[in-house]
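Below is one structure, written out as structure tokens, with a few remarks after it.
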Amino acid sequence: MFKQLRKANQNDYLLITATLILLVVFNLSLLSYVQGQQKAAERDQAQAPATGFSRTLKGEIKNALTLSTTLKELVLASDGKVDNFSTVAKDLLAENTAASNLQLAPKGKVTEIYPLKRK
């Protein structure tokens with residue numbers, strides 16, 4: 001009877017030991033996963049300002065290119081002379097905040113500037 005009890009206890013010890021080993025492995029895996037998630041979150045948080053700046057810069061460049069393209073088309077359509085340049089430039093600057101002034105410079109010579117003085 002004691003041999004059977006002793007054999008049962010050995011099987012119980014093996015089962016308990018295996019269960020404990022599985023729990024330790026599970027906990028270590030879970031800890032590793034959580035730490036990886038935290039590092040990823042910290043990395044994303046650190047990159048957020050750079051990403052925001054990059055998006056802002058991209059938008060500003062796009063606005064500046066839009067202004068340049070619009071002025072180019074104006075100059076090409078009117079042989080370098082744009083009637084009411086001040087009015088056109090004022091409207092363009094109101095829609096695009098990438099620039100604080102516009103200059104008309106056909107053939108590399110500045111012929112018009114809007115605004116003449118900084119506001």
Report the distance from atom CG of Leu93 to atom OH of Tyr114, rounding to the nearest 0.5 Å.
7.0 Å
Apply the hydrophobic cluster definition, ILVMFWY joined by side-chain contacts under 4.5 Å directly or through others, and give me every member besides Leu23.
none
Rounded to the nearest 0.5 Å, what separation is found between the CZ atom of Phe53 and the NZ atom of Lys58?
14.5 Å
Heavy-atom closest pair (Ser100 atom, Pro115 atom, distance to 0.1 Å) is O-CD, 3.6 Å
Look up atom CD1 in Ile21 and atom CD1 in Ile16, then write down how far apart they are to the nearest 0.5 Å.
12.5 Å
If every non-hydrogen atom of Asp83 is compared with every non-hydrogen atom of Val88, which pair is closest and at what distance?
O-CG2, 4.3 Å
Taking only distance into account, with no hydrogens and no angle test, what donor-acceptor pairs under 3.5 Å do side-chain atoms of residues 28-36 form with protein atoms, sequence neighbours excluded?
from: Ser29; atom 1: OG; to: Val25; atom 2: O; distance (Å): 3.0

Among all residues two or more places apart in sequence or in another chain, which pass the side-chain contact (heavy atoms from CB on, under 4.5 Å) test with Thr87?
Asn84, Asp91
Residues in side-chain contact (heavy atoms from CB on, under 4.5 Å) contact with Arg55, at least two apart in sequence or another chain
Thr51
For Thr19 and Leu15 the tightest heavy-atom approach is OG1-O, 2.7 Å
Identify, with sequence neighbours excluded, every residue that meets side-chain contact (heavy atoms from CB on, under 4.5 Å) alongside Ile113.
Gln103, Val110, Leu116
